[in-house]
**Q** 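Below is one structure. I have some questions about it.
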Number of protein chains: 2
Amino acid sequence: MELDRYDRQLLALLQQEGRISNQELAERIGLSPSPCLRRVRALEEAGLITGYHAELDAKKLGLTLLALIHISMDRHTPERFANFEARVSALPEVLECLLITGQDADYQLKVIVRDMDAYQALLLEQITRIEGVSGVHSSFVMRRVVDKSALPIP
Amino acid sequence: MELDRYDRQLLALLQQEGRISNQELAERIGLSPSPCLRRVRALEEAGLITGYHAELDAKKLGLTLLALIHISMDRHTPERFANFEARVSALPEVLECLLITGQDADYQLKVIVRDMDAYQALLLEQITRIEGVSGVHSSFVMRRVVDKSALPIP
DNA sequence: ATTTTTATCGCAATATTATTGCCATAATTC
DNA sequence: GAATTATGGCAATAATATTGCGATAAAAAT
């Protein structure tokens, strides 16, 4: 799909303000509401826009501890990996699980919990109990300098 | 602020479907539209909802390479850190910059670029040129097993 | 326990917004 | 340069958001 100036503007704006009205959206990009809405629908249909999400304040929800966990697996079999991924996907505290390159770890998890007690419980009772997990190393996030969901539009 | 059953439902739903209409939202949580809207506004006012964002498909935008960069600083002075953070915040490819604990790095960056050429350019021409950056270690993301923006509602 | 107070709901009226069909015009192709 | 296709704008209709207000339920106080 070919993106023109309008499409790029729409994507950029909707990344910033996902609940903006179509009328204001139209004004901002310099189109009338009807073609504007048609373009947004087209971007959704094409799968360029995959969804819309509210962003919440973690602290106000009592979630004060954000951590990165690097995980190594003992044996690199597809079953081990599939099982690990299924187990990890079911944990609501796991915001991100990335299969990464590098000698130090196979996966990096990003998890959010209330406090250190909850972290300990998650790590000891859930994550280290998953079959195949051999090495675990935690880093804690002291500050989120940048936290964007918005992709750069090429 | 005290959250009841309705508020929690609203937060959960809006995290999943940020552009759902107020009417459908009201139906789903079992309230009529007016108190539903008033609650959403209250959650926004209280800062529990900080914004709404469209989620885009990175691949369809031509952004195929996601990487984690661990960065160590030579001297841990406030000026060095402030300067680094300002420079990094200005780069659109940087989706996340976390100040983390651990001996291996001071920061972890998450960056997204078109390809390895773009990655090389970003690393060599931008990031390693920032004053104070002494150690850099890259990991590449092979697969995003979990990638949620939705926080667990306590 | 009963009264007072406060919070919050649902209804109804109004304002705003989304959606669709249609024609005109601009861009593209032949 | 003519034919074709794509895309914009207008206007009518449908749907949704928004607000005031009275009723009801929950909470606090006596």
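Every value quoted in this text rests on a predicted model; they were computed, and no experiment measured them. These numbers come from the heavy atoms of this one structure, side chains and all, not from hydrogens, waters or symmetry mates. Letters A, B, ... mirror the listed sequences (proteins, then strands); counts begin at 1.
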**Q** Which word best sums up how the rings of A:H70 and A:H137 line up, parallel for under 30°, tilted for 30 to 60°, or perpendicular for over 60°?
**A**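 Answer is tilted, since the angle falls between 30° and 60°.
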
**Q** Side-chain donor-acceptor pair under 3.5 Å between A:Y107 and A:E85, yes or no?
**A**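 Judged by distance alone, the side chains do pair up.
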
**Q** In plain terms, say whether B:K110 and A:D147 are close enough for a salt bridge, that is, a side-chain N and a carboxylate O under 4.0 Å apart.
**A**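 Here B:K110 does not pair with A:D147 in a salt bridge, since their nearest N and O are not under 4.0 Å apart.
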
**Q** Which residues, if any, of residues 37-56 of chain A bring a heavy atom under 4.0 Å of DNA chain D?
**A**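 Listed by number, they are A:R38, A:R39.
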
**Q** In whole angstrom, give the distance that lies between atom CG of B:N22 and atom P of C:dT16.
**A**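 The answer, rounded to whole Å, is 17 Å.
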
**Q** Quiz question: going by heavy-atom distance under 3.5 Å, is there a donor-acceptor pair between the base of C:dC9 and the side chain of B:S34?
**A**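 Under the 3.5 Å cut-off, the side chain and the base do not form any donor-acceptor pair.
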
**Q** Expressed in angstrom and rounded to an integer, what is the separation of A:Q23 atom CD from D:dA14 atom P?
**A**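 Checked: the CD to P distance equals 18 Å.
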
**Q** Both A:R19 and A:P33 contact DNA chain D. Which one's nearest nucleotide lies toward the 5' end?
**A**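 Per heavy-atom nearest nucleotide, the more 5' residue is A:P33.
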
**Q** Tell me if a side-chain donor or acceptor on B:K148 pairs with a main-chain N or O of A:E93 at a distance below 3.5 Å.
**A**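 Pair absent, no side-chain N/O of B:K148 close to backbone of A:E93.
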
**Q** Whole angstrom is fine here: how far is it from CZ in B:R5 over to P in C:dT8?
**A**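 In whole Å, C:dT8 P lies 14 Å from B:R5 CZ.
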
**Q** Whole angstroms only, please: what is the CD-C1' distance between A:E2 and D:dT7?
**A**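 After rounding, the reported distance stands at 16 Å.
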
**Q** If you check the B:Y6 side chain, which of D:dA17, D:dG9, C:dC9 turns out closest?
**A**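 Nearest to the side-chain atoms of B:Y6, counting from C-beta on, is C:dC9.
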
**Q** A:L31 CG to D:dA6 C1': how many Å, rounded?
**A**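 Rounded to whole Å, this separation is 14 Å.
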
**Q** For B:E24 and D:dA14, give me the distance from atom CD to atom C1', rounded to whole Å.
**A**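 Value for this atom pair: 17 Å.
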
**Q** Check the angle between the aromatic planes of A:Y119 and A:F140 and answer parallel, tilted or perpendicular using the 30° and 60° thresholds.
**A**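 Aromatic pair A:Y119/A:F140 classed perpendicular.
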
**Q** Can you see whether A:Q16 engages B:H53 through a side-chain donor-acceptor pair at a distance of less than 3.5 angstrom?
**A**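 Checked: A:Q16/B:H53 side chains show no N/O donor-acceptor pair below 3.5 Å.
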
**Q** C:dG10, D:dA17, D:dG9: which one has an atom nearest the side-chain heavy atoms of B:S32?
**A**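 The nucleotide sitting nearest to the side chain is C:dG10.
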
**Q** Under a 3.5 Å distance rule, please check whether A:N83 uses its side chain to pair with a backbone N or O of A:R80 as donor and acceptor.
**A**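 No; zero donor-acceptor contacts below 3.5 Å.
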
**Q** Over how many whole Å does the gap from B:E27 atom CD to D:dT16 atom P extend?
**A**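 Rounding to the nearest Å, CD of B:E27 and P of D:dT16 are 9 Å apart.
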
**Q** Could you tell me the separation between the CG atom of A:D7 and the C1' atom of D:dT7, rounded to a whole number of Å?
**A**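 Nearest whole value for this atom pair: 12 Å.
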
